[in-house]
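One-based numbering, in listed order, for ligands and for the atoms of each.
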Amino acid sequence: MPVADFEPVIGLEVHAQLLTRTKIFCGCATAFGAAPNTQVCPTCLGLPGALPQLNRAAVEMAVRAGKAFGCNIATRSVWSRKNYFYPDLPKGYQISQFELPICAGGAVPVPGLGKVALERIHLEEDAGKNIHAEGGSEVDLNRSGTPLIEIVGKPDLRSAEDASEYLKALRLALIYLGVNDGNLEEGSFRCDANVSVRPRGAEKYGTRVELKNINSFRFVRQAIDFEIGRQVEAIQKGEKIRMETRLFDHEKGVTRPMRSKEEANDYRYFPEPDLPPLTISQAFIDAVALPKLPNQIAEELEAAGVPAADARTLIADPRLVSVHQRIGGDPRRAALFVVGELARAVNEKEADLSALKFEPALVREAFALQDSGAISSTAARDVLAELIRSGKPPQQIVQEKGLAQVSDTSALEAVVDAVIARNPGEVAKYRGGKTNLLGFFVGQAMRDLKGKGNPSVLNGLFTKKLQG
Ligand code: ADP
Ligand code: MG
Ligand code: ZN
């Protein structure tokens, strides 16, 4: 059967660390980057006798995500122990939700794909981290007990490209919801990809392989594409696909078996005896505030006249949306500034979106100076660049840099007369019909004025004098 007759089937599981200050079952801090094993206590170390106590903020964030994606929020969900042995899991089990998760169903809106359906979102605790170094391996338990939501997507994706678009949309939505920082490198947003192939038109899914912890969108696409190719080739050779977990080797661009799913799936979920079922009231659910999602903001920006491409650039970073909003005024013009001057300054490390040096509303003052003719459009760009760099008010920048445009007719008239006097040949040609020489005259005057003449006033003066 030719490759084109196979259809890939992909379902993603995403683990997203919740942005709570403290862990899910104890009061230890969740901040990333602390010295190893400094943010631990008997509970998250898994010492015998220590009891878990649920963090309300984690529940709130899970509910917020569930509401945003239109899930059914369970007023009663239960905790389970997912048992497995690993050095970074001192208890020997992870507290998770299995039978009754906090959120069921729902879907993630993905630009270009419509809505991608979810199976569930459940709460669980993160494990610690094994650090493999020369001379041995060490365990850092700072991460142990960090709250996670696992967002389990239905196997509804059909290409590596779609999978990566879904992940991008999900990540951005979680950032806007304020529940996750979207940091793939630090591992606060992690993805496992389940991949299978089946003959096009078949109803039954093929055997799936799980690709673990892929930490960039590019690697997601590469890993899935490689896996689709590998499975199709195997089937074409008459081999059977083994249900297994594989790891992506991004240096070689291949996936490799890590463990067979038979062992991996043998988690032996037990009910968690130390935690009562999680019951939440409808009033609690209703009280969880829901900020706007990025696609909704993009639609509103477009409706306000911002070009679609600019709107997409803006929503890619909530900090850009915030600057845009704080500039105010004409949304289209403000967007042009944010995706143009500001983005450029950020690229060139002259601005930091997390610590802006300027008050966004001042951008409109620079626009106003340009509109009134007080500065030229070229000078306006200089003013904006300096505003971004220093935060000085536009008026002050204009004065300090001597950018004010000369619009005063009597001052300009002297320059116009001088230009006419020293170019008798051009004047004769102009009067003989070569009126496109106007630009030449204006250019000469601009040079004399070091670029600060008001071009439209100069145009008018030359037209009048050359005709006379
Ligand atoms: P497990 O705990 O074994 O990973 P889950 O139910 O948590 O099982 O996750 C199953 C994931 O695998 C879901 O994201 C689902 O969409 C996906 N999936 C299930 N069957 C297939 C299949 N045949 N091909 C691809 N993905 C699949
Ligand atoms: Mg899985
Ligand atoms: Zn702790």
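- The two residues Ala223 and Thr255 make their nearest non-hydrogen contact at O-CG2, 3.9 Å.
- Using a 3.5 Å distance cut-off with no hydrogens or angles, the side chains of Gln231 and Glu227 do pair a donor with an acceptor.
- Note that CD of Glu99 and NE2 of His122 are 12.5 Å apart. Values are rounded to the nearest 0.5 Å.
- Shown are Asp181, Asn180, Asn183, Asp126; of these, the side chain to side chain donor-acceptor pair (under 3.5 Å) with Gln17 is made only by Asp126.
- Ligand 1 has no nitrogen or oxygen under 3.5 angstrom from a nitrogen or oxygen of Val195.
- Ring pair Phe219/His250 is parallel by interplanar angle, where below 30° counts as parallel and above 60° as perpendicular.
- Residue-ligand proximity, Val9 to ligand 1, at heavy-atom distances under 4.0 Å covers atoms 24 (N), 25 (C).
- Of the N or O atoms in Tyr205, none lie within a sub-3.5 Å distance of an N or O in ligand 1.
- Nearest approach of Glu210 to Glu13, heavy atoms of both residues: OE2-OE2, 2.9 Å.
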Check the pair Arg268 / Asn83 against side chain to side chain donor-acceptor pair (under 3.5 Å), numbers first and verdict last. CA-CA 6 Å; Arg268 304 186 192 287; Asn83 293 278; over 6 Å; no
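- For the residues Arg198, Glu210, Arg208, the heavy atom positioned nearest atom 3 (O) of ligand 1 is part of Arg208.
- Taking only nitrogen or oxygen atoms, main chain and side chain alike, Asn194 reaches within less than 3.5 Å of ligand 1.
- The part of Lys154 lying near ligand 1 is the backbone, judged by heavy-atom distances below 4.0 Å.
- Each of the atoms 23 (N) of ligand 1 lies under 4.0 Å from some heavy atom of Gly206.
- At a 3.5 angstrom cut-off on N or O pairs, Val152 does not count as close to ligand 1.
- For ligand 1, the polar-atom distance check finds an N/O of Gly153 within less than 3.5 Å of one of the ligand's N/O atoms.
- At distances below 3.5 Å, at least one donor-acceptor pair connects side-chain atoms of Arg332 with backbone N or O atoms of Gly305.
- With the Zn ion (ligand 3) as the vertex, atom SG of Cys44 and atom SG of Cys28 span an angle of 110° (nearest 10 degrees).
- With a heavy-atom cut-off of 4.0 Å, Leu12 touches ligand 1 through its backbone alone.
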